[in-house]
Each structure stands twice: as structure tokens, then as C-alpha cells.
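This chain uses plain numbering: 1 for the first residue, then up along the sequence.
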Amino acid sequence: MLVAAMRDEMRINTIVTIAAAGGKPPKFVPTPRPGITPTSGGRKRLSDEQRRAIDPRLRNQPKEA
């Protein structure tokens, strides 16, 4: 994990140096971390019922149409 973080920092420094010199830097692609699966898409959103169950301020509010 530490090696992947150090490698990413070195890549970012290289990209910044290229950009500062007036060149076109390559796109930054982070190093895959061992044991961590890549995320796919966005997060699942809570339904109105789940939000009401979590937040006590919403429990006594009327349901929207």
C-alpha cells in the first residue's frame, strides 16, 4: 500500500513538472491497490423510508406525494 502511494506521488510530481515546463502532461491513472477492488459507478441512494428511519427529524413529517 505504501509503495503504491509513493508511486502515485512520484507520478503526480512528474505530471506537475511537465505542466510547469509548458508541456502537455499525461493523464494521471492511480496505481491499483492490492486487496481493494475498483469501485464501479456511484453509490446506492437511500429511499425515503430508509431516510425517515435514520433521521429522527423526518419521522413525524407527512409523506410527499
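Screening residues 10-21 for side-chain hydrogen bond (donor to acceptor under 3.5 Å, both in side chains), with sequence neighbours left out, gives no hits.
Listed by chain and number, the hydrophobic cluster partners of V16 are I12, I15, F28, where partners are ILVMFWY side chains within reach of under 4.5 Å, directly or through others. When hydrophobic residues (I, L, V, M, F, W, Y) are linked wherever their side-chain heavy atoms come within less than 4.5 Å, M10 remains an isolated member.
Applying the side-chain contact (heavy atoms from CB on, under 4.5 Å) test to P32 and every residue at least two apart in sequence or in another chain returns nothing. With sequence neighbours left out, the side-chain contact (heavy atoms from CB on, under 4.5 Å) criterion links A5 to R33. Residues forming a side-chain hydrogen bond (donor to acceptor under 3.5 Å, both in side chains) with E9 (at least two apart in sequence, or on another chain): none.
When all heavy atoms of R45 and Q50 are compared, the closest pair comes out as O-OE1, 4.3 Å. Between D8 and V29, the closest heavy-atom pair is OD1-O, 4.5 Å.
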